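Because the structure is predicted, anything quoted here is derived from the model rather than measured. Counting starts at 1 for both ligands and their atoms, following the listed order.
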Amino acid sequence: MMYDGPAGGTGAPGGAPRPARADATREVRDRDVVGLTREVARGGISRRQFLARAAALGLSTSAIGTVLAACGTGDEPAPQETQIEKVVPQEILFYNWSDYLPGITKKNFKKETGITLKESYFDDNEALYGKLSAGATGYDLICPSDYMVHVLMMAGLVTPLDMSLIPNFKNVDPKFQKPAYDPETDGRKYSVPYQWGTTGIGVRLDKVADTVTSWNTMWDPKYKGQIIMESEMTETIGAALKLLGYSLNSQSEDELNEAGDKLIEQKPLVAAYDTNNMKRNMTQGTPLVHAWSADVLLVMDEIGQDKLGYTLPEEGFTVWVDNLAIPKGANSVYGAHLWMDFICDVKNQAELTDWIWYQSPVPAAYDLIESQLLKDNFPTQEQLARGELKNDVGEFTSVYSETWRRVKSA
Ligand code: N2P
């Protein structure tokens, strides 16, 4: 079962069409603006500097978006191979989510390339962004989700890829090849997909008598102290937005206010905000856990399907795509490309997916997947129609951060 794109998600892979250059250029009033936009796309200036300078030029928010999109359809040819020194490093460092890479994959990579892949871990996308924007270097690879690829690209914190070094990219489903979050502005591509999945509710069926179909259960006072929500800001605010009937990419201050109030109302029921110990929390018996699909399936496998269920709420939920990208300051850009190519290989993707238990962006990998429980729980097209991908909401992110701060300090 392949991902067919969430209904109505403007950030869906392959989703948002780019405007024709003729339409776009009608909105461009000043050559300087185009130059400025290209500069930010190349990472020459920060997103903040770009917005400040674009505002000074009198450009509206929608025109800024249009110009950014138009730069990718310009007359200049896409940049060809970058000058990457083809020296095989001894080791590379992958800044990754925890439990997101089997040892056997690292071992096979070492066998094939001679490179030792080391890992260090982050808890969520905001933590990853915080680290990189504070100037941390030394990571060769990172694993940002969809919207975060766009945020990092706009902030000039990731390096454009040389796709000639990733021939296995041809194995990636076309739906994931040119996603809206990495639209190849100026012909540059910054990410390759790693795994994708959904965010829902892990329900301990032996402790929750109700049939859980809605986010509402996470707000039911009878489960006081028995609920764990994610600590990833966009996921938890997203759940509240969905419960209220809004997009999880809302850019309405009123809707964000309502979502914040809703989360403050829920707070006395919440035992913890925790993305790090999802599996342990479910295994140890927390009745209701806001969780990612694979974490639920892995615990289901361990304790039995009679004890744990997975609900994708009727109001909607997050569908996410995690990606490989190369941060600025990588020690070995070449080694990182070798890893990306290795991960896009059909057999390696199958091995990865069969261990992690999310979904693969490489269709041919599905023929090799063996785990029956995973196969039995591939999300259906009907379920995915209720899913929504997170978008980079740009400067509006500060409203999300402020809402989250208000919830955490309430
Ligand atoms: C890995 C979880 C990554 C999924 N354990 C969230 N994007």
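Near Y358, meaning under 4.0 Å from any of its heavy atoms, are these atoms of ligand 1: 2 (C), 4 (C). Of all atoms in ligand 1, listed by their number and element, those nearer than 4.0 Å to a heavy atom of S145 are 7 (N).
When heavy-atom distances to ligand 1 are checked against a 4.0 Å cut-off, S98 comes that close only through its backbone atoms N, CA, C and O.
Atom 4 (C) of ligand 1 has as its closest protein heavy atom D322 OD2, 3.4 Å.
Taking the centre and axis of the six-membered ring of F122, the NZ or CZ atom of K131 falls outside the cone set by 45° and 6.0 Å.
Under the 6.0 Å cut-off for aromatic ring centres, Y100 and Y358 qualify, their centroids lying closer than that.
In this structure, W320 and W292 have perpendicular ring planes: the angle between them is above 60°, well past the 30° mark.
Although no hydrogens or angles enter the test, the distance criterion places no donor-acceptor pair under 3.5 Å between the side chain of K262 and the main chain of W219.
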